[in-house]
Every structure is written in structure tokens, then in C-alpha cells.
Amino acid sequence: MEEYLLRQRDYLLSISRAMTARLDLAPLLQLIISKAVEMLGGEAGLIALRDRDDRFHVRASYGLPASALRADSGQLQMLLAPLLTNLPLSGSRWPLSDLYGRLPLVAAALGLNLRQVVGLPLLLEEQLIGVIYVFRTRDAAFSSDDRLVLSSFGDQAAIAVRNATLYQRLAEEKDRLNAIIEHSADGVLIVDADCRVETINRKLAEITGWEPEEAVGHPCSKVLSLRNAQGNDVCAQACPLRSLSENDTFLAEGDIIRADGQRTAVSITYSPLYDQDGELAHIVGSVHDVSRFREAQEMKSMFISVISHELKTPVALIKGYANTLRREDARWDAATVRESLTIIEEESDRLDRLINDLLQASRIQAGTLKLETGDVSIPRLAGKLADRFRVHAGKHDLRLDFPADFPPLLADEERLQQVFSNLVNNAIKYSPEGSTVTVGGRPLGDQAEFWVTDQGIGISPDDQARLFEPFYRVESGLGRRTQGVGLGLYLCRAIVEAHGGRIWVQSELGHGSTFRFTLPLR
């Protein structure tokens, strides 16, 4: 007997060492149940763990039939339900008094000749965290020694299961946090106490141009090349966070400049993380791309500036001529009155166009631009437009270039008239007197392509990239002398895209420009 107990002790010791060396829960549970069955001379067994909903779920089994193992977890739970329901949540009522009454139900469900069963609770601080069942198909009952050995084994198994469960939860939490950081819409930067990079996420990698693996170990100021308006390195200011308390933060704003020269406006909030000894362990930076906000602010300022300037001129002229005409000490001849009223009418029309452009821009921004579609003959529309412009811009040669059989389009005629009008008006404004402006079009498969070509000053590549933005105007001497708020091409793009087409420009400085756009034929 003593020799048997020594062998059992050595066996338990070797199993305990094997269990404590494993932190992966699934392999650990499989080891526990296989050793428990082997140790007690059983033929089958299972382990069920208590979940957060206080229900018991099978996590590992040994010796069960292949049909049961192929079943999904819900079906397996149903087969083993008699052993997994109405279990005590503490060790005070264990073992179950009707355990042998439940055994035939499980044996019939599994199709096994199970004759004996022993149940072992996995207890920690008197709380039931799981249960081990070992089965025999022969009549030999489990002895008190078997139960004693299994009880000793269960204490070690419970500790190992708890450690593995905690490790698994920590690993899951780490994976969850990594996923949150990696897929965050904002950039995330983690540096050590010496301001060397430990982690950057995917968003920050896009902003900085650094690959996450390459950034590790480099100084923050090298990876996050952040410069304020004065050109100073803002990231270098993060290291003084050592002097901040745990709940303080440090806000920095500036431009991140990539190696390829691309600039991104960002706002960064740095937060220090201290260890249990009160020493600075990490600095976490949340990097928010504020480029769109800055663009919106710049657009707002530009809008106020441009609109104020464009409104002042017609209002001043209207008021000036109106005040002149109503002077009681003067008598004006019919020609002077007619000329003054003409100017008042023209400036009123100019104000009306400006207001309409602003209203349309507002509708576009709100997504409420609507089209009233019908059959439209573009050559006829362009011909009427050319006749009108020839009256007001007779110093330019306006030509049309359409095939005779050009098919009608399903489109909004008034909106397309606005597109051609804006493009032709720009061509005339930015072209020398006597030059040619051509309006043309041709069918291309299921689309039609249109163009307005001039022989004007041309547009630089940098200006071409921003030409269709609202309130953007080309910076040139001629551009500053011409009227407009920079909404015409923005409205053209919105109208063309609303029809399902696209618009672009081809231009070279000093050699004129061609604006092209496509529209679906049907």
C-alpha cells in the first residue's frame, strides 16, 4: 500500500509539473482529462467549466464516441445535459447525490455502456469553477482511494485552470486593445520614458510614411516629424511630461512632414503612464488629423474675404448711381439716365448671379442639388449660348464643333447651360482679344465628350490640382483683375457629376486650356 501511495505521489507530482508549465487553456484541459482517466483506470471522461453566465460548458473530453465529438457544441451540451445542469455553485453540496441516477441518461445519449462514474469538483476558495467526470464501462466501482487521489489531483488542476484562464483573458484583452489601437480612426503613438517609439498604429503609419516595424526604437522626433508654425520640433516637447502628474495631458499642434514632403496638419494629445513605483513608463499620443478642419477654416476665411470684396463693388456702384440720379440739384439728360440705369441693372444682375451661385453651392454641400431631366440637344444649346456671347464678347471668335447627327441627351438643360456658360465665360475672360474659343462635342460609345478650348494664358499644374475646389482662384495678374468668387468651376463639376459624368482640364502655361467633360448618352 505504501509503495502504491508513493507511486501515486510521484505520478501526481509529474502531472502537476506538466500542468503548471502550460498556460494555453485548451491543451491544458486536454492534458488534465486524459491524465485523470488514465490515473483512475477509466475509459472516458470530460471537463466542464463554469462560464460567466453560471452555466457549465464542456471544454475537453476523452474517450467519447466520434459521433459525439463531431456534433457542434450545442448538440454536445444537449447530450451531456444531465451531468451539466443543477450543479451547485459552491463545494458545500458536492458530490451530487443523484449522480448515478443521471448516468444512464448520458450513456443512452452517447451510445456507450457507461457503468461507473466519479465526479470531481474544481474548487477555488469554495467556489465551483468546473467539474471533472471519469467513466468506466466495467462494474468495478471507484474506491475511496480513487476519490482521494482524484481530489488531490483536482486541487492542482483547479489552480492550473485558473492560471490558464487568467492568462487567456489577459491575452484576449491584449488582442482586443491591439485591435482597437490598430483600427483606430486616429493615429496612436506609444513611446518609452526616453521618447523612443514602441508602437505606432496603421493610421499613424499612413500619416508619417513609416512602417510600424521600422519605427520601433527610433526617437519620437524622427518618426513624428512635427513642426509648428515657427518650424520648431514639437515632438521634442513631449519628454517634459515627466514633470506632469498622472492625470495631466499635453496638447501639441503642428504639421507632420513626411520624407516625400507631404504635409498633414494634426493635433496630438500626449498622456503619461506611470508604473507602481511612480516612475514614468510610457507616453501615449493620440494623433488626430485636422487637415479637413483647417481647410474648412481657411475656406470660411476665404469665403468671407471673397464675398465681402465681390459684394462691395456692385453695391457701391448701385448706391453711387442711385444717389447721383436722385440728386435734387441736378437735371440729367435721357442718355445719362439710361446709361446709369443700365449700370444699375448690370450690377443687380451680377449680384443675382452671385447669390444664385452661393445658393447652389449651399445645396451641393447639403446634398440637395436636384436635376429636372428631359431631352436636350447640346448643339442647339451651345449655338444659342454662342450667339449670346458674340453680342457681349464680339472681340473673340466663338466656334462650334459638333457632328450633324449628334444625338439628344437625357439631362437638365438649365444646369448644362450653366456649365457651358461658365466654361465659355472663363475662356473669354482669360484669353486675349481676337483669339478663338471653340465649343465642341462627340459621341463616344455610351457617353458623349464635350470640350471648351481657348488660346489664353494657360494654367499651371499646381493650380490645375485645385481648380475645381470652391472659392479657389488662380493667382495671376489677369486672375486678380477678373470678377468672380471662384465658384463657377466648382458648380460645373457638381452638375456634371450629378449627371453621372466627370470633368477635367488639359492646359499648359502660355498655350491655352481645354476643359473637357463627359455625360451619359442615356
Side-chain angles (χ1 to χ4, degrees), residues 296-366 368-369 384-396 398 414-415 417-435 437 454 456-457 463 467 469-492 494-495:
Q297 291 294 102
E298 291 175 354
M299 187 178 295
K300 179 181 177 182
S301 300
M302 185 184 299
F303 171 81
I304 294 173
S305 175
V306 170
I307 297 303
S308 298
H309 177 269
E310 291 296 322
L311 286 176
K312 281 181 179 179
T313 302
V315 169
L317 286 171
I318 292 170
K319 184 175 181 180
Y321 277 94
N323 284 339
T324 300
L325 291 175
R326 68 186 293 271
R327 283 179 56 182
E328 297 180 357
D329 60 340
R331 294 292 182 268
W332 308 109
D333 56 55
T336 301
V337 171
R338 187 165 50 251
E339 180 182 355
S340 299
L341 291 175
T342 299
I343 292 174
I344 290 174
E345 184 179 14
E346 289 176 348
E347 294 303 318
S348 297
D349 290 341
R350 180 179 166 188
L351 276 177
D352 184 62
R353 287 194 300 271
L354 176 60
I355 292 170
N356 285 333
D357 284 351
L358 291 173
L359 287 174
Q360 286 198 59
S362 176
R363 293 189 187 103
I364 292 169
Q365 292 288 341
T368 58
L369 181 66
K384 289 183 178 180
L385 194 66
D387 292 340
R388 192 180 75 198
F389 271 102
R390 288 189 184 104
V391 174
H392 298 284
K395 296 180 181 179
H396 288 80
L398 268 68
E414 183 177 348
R415 301 290 189 191
Q417 181 178 340
Q418 184 179 1
V419 172
F420 280 104
S421 179
N422 277 329
L423 295 179
V424 173
N425 187 50
N426 284 345
I428 292 173
K429 285 196 300 184
Y430 293 97
S431 299
E433 294 181 357
S435 63
V437 174
D454 63 56
I457 61 176
D463 287 321
L467 204 55
E469 295 178 6
F471 306 112
Y472 183 77
R473 302 191 69 201
V474 175
E475 285 296 326
S476 67
L478 181 58
R480 285 188 290 270
R481 293 195 300 271
T482 56
Q483 298 176 354
V485 296
L487 281 176
L489 291 177
Y490 170 68
L491 295 175
C492 287
I495 293 170

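Predicted model, so just to flag it, every value in this text is computed and none were measured. Numbering of residues begins at 1 and proceeds along the displayed sequence.
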Kindly indicate, with the supporting measurements, whether the criterion side-chain contact (heavy atoms from CB on, under 4.5 Å) is fulfilled by Glu345 and Asp349. CA-CA 6 Å; Glu345 184 179 14; Asp349 290 341; 4.1 Å; yes

Could you walk me through whether Asp454 and Ile428 pass side-chain contact (heavy atoms from CB on, under 4.5 Å), step by step? CA-CA 8 Å; Asp454 63 56; Ile428 292 173; over 6 Å; no

Determine whether Leu351 and Val315 satisfy the following criterion, side-chain contact (heavy atoms from CB on, under 4.5 Å), listing intermediate values before the conclusion. CA-CA 8 Å; Leu351 276 177; Val315 169; 4.2 Å; yes

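Rounding to the nearest 0.5 Å places CD of Glu414 at 9.0 Å from CD1 of Ile495. We find the OG1-OH distance between Thr336 and Tyr321 to be 10.0 Å, quoted to the nearest 0.5 Å. Atom CG in Asn425 sits 9.5 Å away from atom OH in Tyr430 (nearest 0.5 Å).
Distance alone, capped at 3.5 Å, is enough to place a donor-acceptor pair between the Trp332 side chain and the Thr324 backbone. Between the side chain of His396 and the main chain of Ser431, a donor-acceptor pair closer than 3.5 Å is present. A donor-acceptor contact shorter than 3.5 Å is absent between the side chain of Asp352 and the backbone of Ser348.
In terms of heavy atoms, Ser421 sits closest to Phe389 at O-CZ, 3.7 Å. Pro432 and Gly456 get closest at one heavy-atom pair: CD-CA, 3.9 Å. Smallest separation of non-hydrogen atoms from Ile344 and Leu325: CD1-CD1, 4.2 Å.
You'll find the side chain of Leu491 stays beyond 4.5 Å of the side chain of Val419, heavy atoms only. Looking at heavy atoms from C-beta onward, Leu385 lies out of side-chain contact with Leu398 at the 4.5 angstrom threshold.
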